[in-house]
Amino acid sequence: MVVWLSLHATATAALRVCELHTRACAACLQVVCPGGLVSIMCYIGHPGGVEEYEQVRALLAGLSPSYWTSSELKLVNRPTAPVMLLLWRRTEMQQQVSR
C-alpha cells in the first residue's frame, strides 16, 4: 500500500488546516500495513506552510523506531522548496530482529 498526501493550505485557514493535516497524517498511519510506505509532501513556501511541516514532522519524529523507519528529503540551497517526508512501516520480522 502506498499513500500519497500533499500538504498545502491558504493563508486564511492555515491554522485550522494545519491541525487537519496533522490529524489526517495520524489517521493515515493507523491503516498502513507492515511493509507499507507513506510519502508526505510538505509545501512550506506559503503562509502557514512551515507550521504545517513542523507539526507533521513532530508527529513523525515521535513514532517508535521499532515500528517505523522515517526520512526527510529537502533541497538545502532552496529554503522554500517542498520537503518530502517518507515513512516505511516495518514488518513484524524486522521488528523482532531489531529487539
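- Between the side chain of Arg90 and the main chain of Pro65, a donor-acceptor pair closer than 3.5 Å is present.
- From Met41, atom CE reaches atom CG of Leu86 across 8.5 Å, with rounding to the nearest 0.5 Å.
- Distance CG/Leu63 to SG/Cys25: 10.0 Å, rounded to 0.5 Å.
- Contact check for Leu60 versus Ile40: side-chain heavy atoms found under the 4.5 Å cut-off.
- For the residue pair Leu75 and Ala81, the shortest heavy atom distance occurs at CD1-CB, 3.9 Å.
- Note that OG1 of Thr22 is 11.0 Å distant from CD of Glu54, once rounded to the nearest 0.5 Å.
- Here the shortest heavy-atom pairing between Cys42 and Leu85 reads SG-CD1, 3.8 Å.
- Taking every heavy atom of both residues into account, Leu29 and Leu87 meet most closely at CD2-CD1, 3.7 Å.
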